[in-house]
Enquirer: 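Below is a structure I'd like to ask you about.
All ligand and atom numbering here is 1-based and tracks the order in the structure.
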Amino acid sequence: MRRKLIAGNWKMNGSLEANRLLLSGIKSDLGHPGCDVAVCVPAPYLAQCQTELAGTAIGWGAQDVSAHEAGAFTGEVSASMLRDFGCKYAIVGHSERRAYHGETDAFVARKAARAVDGGMIAIVCVGETLAEREQGETATVVARQIDAVLTALTNEQLARVVVAYEPVWAIGTGKTATPQMAQEVHAMLRARIGAKEAGIAERMAILYGGSMKPDNAAELLAMPDIDGGLIGGASLKASDFLGIVRAAS
Ligand code: PEP
């Protein structure tokens, strides 16, 4: 059975003080969660997470990683730098990076490989826009996005990948895919991964992301191919984040 993962994506939010309050709120009521829990934070706050979360049940990670190893890449943060700060996870290919930073499927795959080779678990985001869904292109788009990763990574690397299906139209909008809509895409993704290697598909966690909240988490997480959540807005409030963790536990 796959263990569920609830990962917060703080995006470009936070301050030392706000993070301290949020993390202490999560820590104080977390108990012994029956799922994996993580927060993916802006890079400057990784050191704070390392200090505040070491020895707890909460892992931490970055929201992006450079596709390069080291060198003249101003502004980039490498996988080994993230590991220096104890990152267990790195999100790659979030739709905001694809849309605002022109990240292509192939580039996202390179980042996923870099994260994994650097010792982290890559959380690879895929998902269609509203226009693509309305044109009936969801399966084609999502297959293209996952295929880039399946082609570029070895089976060994894929064993350290988590996929997050995040329909772009559901991110930060309050619109959530119905459990059935999400399940359909998750099952398609798992079949696609299974065509490469059945064992990897069976073990790989496929998270859902897009306006997941405490009141809709349980029904989404009850679907057979939904193995957790990537949580944006609701990860910024300890009680909401914990409500989702409880639904997954
Ligand atoms: C996200 O950005 O990864 C996300 C899922 O955001 P939200 O939960 O706010 O829709």
Enquirer: Step by step, work out the salt bridge (charged side-chain N to carboxylate O under 4.0 Å, His left out) result for R20 and E52.
Expert: CA-CA 8 Å; R20 196 184 57 74; E52 304 223 6; 5.6 Å; no
Enquirer: Measure the CE-OG1 distance between M212 and T176 for me, rounded to the nearest 0.5 Å.
Expert: 8.5 Å
Enquirer: If we only count N/O pairs under 3.5 Å, is T173 in contact with ligand 1?
Expert: no
Enquirer: So for A234, does at least one of its heavy atoms come nearer than 4.0 angstrom to any atom of ligand 1?
Expert: no
Enquirer: With respect to W60, which candidate in L46, V37, L23 satisfies the side chain to side chain contact (heavy atoms under 4.5 Å, CB included) definition?
Expert: L46
Enquirer: Any atoms of ligand 1 less than 4.0 Å from a non-hydrogen atom of L230? List them with their elements.
Expert: 3 (O), 5 (C)
Enquirer: Who's the nearest protein heavy-atom neighbour of atom 5 (C) of ligand 1, and how far?
Expert: E166 OE2, 3.1 Å
Enquirer: What are the two closest heavy atoms between P33 and V245, and how far apart are they?
Expert: CB-CG1, 4.0 Å
Enquirer: Quick one: nearest non-hydrogen protein atom to atom 4 (C) of ligand 1, plus distance?
Expert: G232 N, 3.5 Å
Enquirer: At a 4.0 Å threshold, what atoms of ligand 1 neighbour a non-hydrogen atom of S211?
Expert: 7 (P), 8 (O), 10 (O)
Enquirer: Taking 4.0 angstrom as the limit and counting only heavy atoms of G172, give me the atoms of ligand 1 inside it, by number and element.
Expert: 7 (P), 9 (O), 10 (O)
Enquirer: Would you check whether A170 reaches within less than 4.0 Å of ligand 1, judged by its heavy atoms?
Expert: yes
Enquirer: Please list, in number order, the atoms of ligand 1 under 4.0 Å from a heavy atom of K11.
Expert: 1 (C), 2 (O), 6 (O)
Enquirer: Any chance you could measure C35, atom SG, to R2, atom CZ, to the nearest 0.5 Å?
Expert: 15.0 Å
Enquirer: Mind checking whether K213 has a heavy atom under 4.0 Å from ligand 1?
Expert: no
Enquirer: Please list, chain by chain and in numerical order, all residues satisfying ring pair (Phe, Tyr, Trp, His ring centres under 6.0 Å) with H94, sequence neighbours excluded.
Expert: none
Enquirer: With a 4.0 Å heavy-atom cut-off (strictly under), which part of S95 contacts ligand 1: side chain, backbone, both or neither?
Expert: neither
Enquirer: May I ask you to decide whether E96 forms a salt bridge with K11, counting only side-chain N to carboxylate O separations under 4.0 Å?
Expert: yes
Enquirer: Inspect the contact between R192 and D147 and indicate whether a charged nitrogen and a carboxylate oxygen are less than 4.0 angstrom apart.
Expert: yes
Enquirer: Looking only at distances, can you tell me whether any N or O atom of M212, backbone or side chain, sits closer than 3.5 Å to an N or O atom of ligand 1?
Expert: no
Enquirer: Give me the one residue out of R190, K4, R3 that meets side-chain hydrogen bond (donor to acceptor under 3.5 Å, both in side chains) with D227.
Expert: R190
Enquirer: Any ion pair linking E103 and R97 (charged N to carboxylate O, less than 4.0 Å)?
Expert: yes
Enquirer: Do the side-chain N and O atoms of Q183 and D225 include a donor-acceptor pair separated by under 3.5 angstrom?
Expert: yes
Enquirer: What is the nearest protein non-hydrogen atom to atom 1 (C) of ligand 1, stated with its residue, atom name and distance?
Expert: H94 NE2, 3.3 Å
Enquirer: Give the atom numbers and elements of ligand 1 that come within less than 4.0 Å of a heavy atom of N9.
Expert: 1 (C), 2 (O), 3 (O)
Enquirer: Any atoms of ligand 1 less than 4.0 Å from a non-hydrogen atom of G233? List them with their elements.
Expert: 7 (P), 8 (O), 9 (O)
Enquirer: Return yes or no for this condition: an N or O of I231 is under 3.5 Å from an N or O of ligand 1.
Expert: no
Enquirer: Quick one: does G210 get an N or O within less than 3.5 Å of an N or O on ligand 1?
Expert: no
